[in-house]
There are 2 protein chains.
Amino acid sequence: MDNYTSVDNVRARLIIAGLTELEQHGAADFSLRRVAKEAGVSCAAPYRHFKDKDDLVRAVIEYVLEGWTLLSGQLVTIFASDIRALISELSVAGLRFWIANGNFRTVIMASGTLGSGERGALSSFDAPIKQAVDRYAAEGQIVDSELLSFKILSMLYGAIILVDGGYEATEHAAERLREAIASEIL
Amino acid sequence: MDNYTSVDNVRARLIIAGLTELEQHGAADFSLRRVAKEAGVSCAAPYRHFKDKDDLVRAVIEYVLEGWTLLSGQLVTIFASDIRALISELSVAGLRFWIANGNFRTVIMASGTLGSGERGALSSFDAPIKQAVDRYAAEGQIVDSELLSFKILSMLYGAIILVDGGYEATEHAAERLREAIASEIL
DNA sequence: GTAGTATGTTAACGATGTTAACTTGCTTTT
DNA sequence: AAAAGCAAGTTAACATCGTTAACATACTAC
């Protein structure tokens with residue numbers, strides 16, 4: 001019989017408990033003990049599955065990023081025939097993704113919080129976009145691929161901060177981002 | 001005789017102690033007790049000057065931002081006759097400012113950490129740039145001022161994240177930012 | 001069956017943010 | 001000048017936190 005359902009049951013529960021903890025209390029007030037209680041285990045149990053608190057948080061982020069990998073993969077498929085649309089849609093979707101996953105960006109973008117893994121997380125996020133830009137450049141368009149990547153990625157991350165800071169509403173920023181990118185890859 | 005030197009001596013000491021604390025331990029490990037000890041007072045003394053820990057951190061950030069206000073003010077004066085150069089120099093200086101003040105951007109850009117004041121801090125940072133762009137638009141250039149502000153500010157903030165995340169070296173990013181902005185306001 | 005390992009428990013430690021109760025010294029009022 | 005009031009420091013205590021150590025228990029392998 002398969003034992004897949006019971007494999008690492010507690011670990012999985014800890015991760016999704018950590019996810020709601022992150023959503024509700026943010027990165028600053030993230031309490032490992034609360035997560036353990038929420039998962040129905042003792043306060044020391046997490047240490048059987050994770051090195052320390054940051055390790056759990058890292059796992060939660062990894063879990064969340066799987067959603068992005070899935071989503072971006074679908075976009076790549078859908079817009080396979082129109083690279084410019086792909087770049088645009090990936091960026092706007094990326095913006096919405098970060099805004100929807102409110103507190104995660106705080107953790108990922110704050111360098112101190114996670115050891116040296118944060119670029120790993122970030123790069124696994126912007127890889128699809130960078131890849132699409134490279135493909136755009138490779139398809140004969142005369143562009144400085146590196147500069148274009150920088151422009152688009154920085155605008156994307158910057159838009160997140162602007163929205164987060166209350167400078168603009170999400171949808172407004174999404175539209176602006178779409179415009180800005182369109183003007184770059186016309 | 002002037003009693004300026006002794007006015008709020010402890011409060012001032014707490015702020016600069018908080019500043020070095022933020023530099024050395026980051027926002028996540030910021031310890032109020034350590035700050036108090038560093039300032040030579042008891043662990044409860046800060047509560048005579050600040051509502052709570054976050055209030056102290058806010059004060060530290062305000063203090064740091066005074067440096068930017070000063071710097072940006074000088075740039076505005078220096079490049080008064082060349083708005084395009086002003087926009088460019090303000091942006092690059094802004095990037096360098098955040099990178100130099102490593103741990104502060106973590107605090108300011110993480111929404112959860114500071115109550116609702118974070119946009120206040122951010123807006124007092126990007127106000128000079130927004131202002132310069134508006135002036136650029138007002139001087140007869142046919143541009144969508146709002147869109148241009150969005151582009152430049154988002155690229156600026158995004159560049160900070162990219163540098164912070166290890167995507168690019170500071171000077172490299174500064175050069176790219178300069179290029180990107182130049183291509184927008186030619 | 002017995003040894004070993006994986007995974008849970010409870011109990012404890014030190015550090016932290018915060019508050020309450022108190023002292024102390026200066027300023028103002030009478 | 002004496003008293004009242006207040007600003008600003010102290011110490012002591014509390015709950016919570018991350019983390020570790022010591023112990024228990026069940027599954028797995030030889």
Side-chain angles (χ1 to χ4, degrees), chain A residues 1-61 103 106-107 110 112-115 117, chain B residues 1-61 103 106-107 110 112-115 117:
Chain A
M1 325 68 182
D2 69 17
N3 52 357
Y4 284 107
T5 56
S6 63
V7 166
D8 261 346
N9 197 336
V10 175
R11 184 190 160 97
R13 258 185 305 164
L14 282 171
I15 288 181
I16 68 169
L19 191 134
T20 71
E21 170 77 6
L22 210 49
E23 282 171 348
Q24 291 176 354
H25 292 88
D29 290 353
F30 188 96
S31 162
L32 187 55
R33 293 175 104 108
R34 252 191 327 241
V35 170
K37 182 174 289 182
E38 169 78 19
V41 291
S42 77
C43 72
Y47 290 89
R48 297 296 168 188
H49 300 274
F50 307 96
K51 185 178 159 292
D52 54 14
K53 177 179 153 180
D54 281 355
D55 198 33
L56 204 219
V57 176
R58 257 189 296 268
V60 171
I61 288 173
N103 284 320
T106 296
V107 181
T113 313
L114 307 174
Chain B
M1 325 73 184
D2 70 18
N3 53 355
Y4 284 105
T5 56
S6 62
V7 165
D8 260 345
N9 196 335
V10 175
R11 183 190 161 97
R13 258 185 305 164
L14 281 171
I15 289 182
I16 68 168
L19 191 134
T20 71
E21 170 76 5
L22 210 48
E23 282 171 348
Q24 291 176 353
H25 291 88
D29 291 352
F30 188 96
S31 163
L32 188 55
R33 292 176 105 107
R34 246 188 334 239
V35 171
K37 182 174 291 183
E38 170 78 18
V41 292
S42 78
C43 71
Y47 289 90
R48 298 294 167 188
H49 300 274
F50 306 96
K51 183 179 161 293
D52 53 13
K53 178 180 153 180
D54 281 356
D55 198 32
L56 203 218
V57 176
R58 257 189 296 269
V60 171
I61 287 172
N103 284 321
T106 295
V107 181
T113 313
L114 307 174

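Just so it is clear, the model here is predicted, and its values are computed rather than measured. Below, chain A is the first sequence line, B the second, and so on; all start at residue 1.
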All heavy atoms of A:L14 vs all of A:P46, minimum pair found to be CD1-CA, 3.8 Å
Give the rounded distance in Å between these two atoms: CZ of B:R11 and C1' of D:dA8. 14 Å
Any donor-acceptor N/O pair, B:R13 side chain to B:A39 backbone, under 3.5 Å: yes
For A:F30 and D:dC17, give me the distance from atom CZ to atom C1', rounded to whole Å. 13 Å
Distance (rounded to the nearest 0.5 Å) between B:F50 CZ and B:R58 CZ: 11.0 Å
Who passes salt bridge (Lys or Arg N to Asp or Glu O under 4.0 Å) against A:D29, sequence neighbours left out? none
In the 5' to 3' direction, the nucleotides of DNA chain C bounding the stretch that comes under 4.0 Å of a heavy atom in chain A are C:dT7 to C:dA12
Calculate the interatomic distance between A:D54 atom CG and D:dT19 atom C1'; express it in whole Å. 13 Å
Specify the separation, in whole Å, of atom CG of B:D29 and atom C1' of D:dG18. 11 Å
Would you sort out whether B:F30 and B:L56 count as a side chain to side chain contact (heavy atoms under 4.5 Å, CB included), showing the intermediate values? CA-CA 11 Å; B:F30 188 96; B:L56 203 218; 4.0 Å; yes
Mind listing the residues from residues 36-44 of chain A sitting with a heavy atom below 4.0 Å of DNA chain C? Number order is fine. A:V41, A:S42, A:A44
When rounded to the nearest 0.5 Å, the distance separating CD1 of A:I61 from CG of A:L19 is 10.0 Å
Value in whole Å for how far the C1' atom of D:dA8 lies from NZ of B:K51: 19 Å
What nucleic acid atoms does B:F50 come within less than 4.0 Å of, heavy atoms only: base, sugar-phosphate, or nothing? nothing
Starting at atom CZ of B:R33, determine the distance to atom C1' of D:dT10, rounded to an integer number of angstrom. 13 Å
For atom CG of A:L32 and atom P of D:dC17, their distance in whole Å: 10 Å
Does anything in residues 41-52 of chain B form a side chain to side chain donor-acceptor pair (under 3.5 Å)? List the pairs, not counting sequence neighbours. none
Can you see which heavy atom on A:V60 is nearest to which on A:I15, and at what distance? CG2-O, 3.6 Å
Walk along nucleotides 22-28 of chain D from 5' to 3' and tag each nucleotide B, S or - by protein heavy-atom contact under 4.0 Å, base first, then sugar-phosphate. B------
Show every donor-acceptor pair shorter than 3.5 Å between a side-chain atom in residues 20-28 of chain A and any protein atom, with sequence neighbours excluded, or say none if there are none.
from	atom 1	to	atom 2	distance (Å)
A:T20	OG1	A:A17	O	3.0
A:E21	OE1	A:H25	ND1	3.4
A:E21	OE1	A:R34	NE	3.3
A:E21	OE2	A:S31	N	2.9
A:E21	OE2	A:R34	NE	3.1
A:E21	OE2	A:R34	NH2	2.8

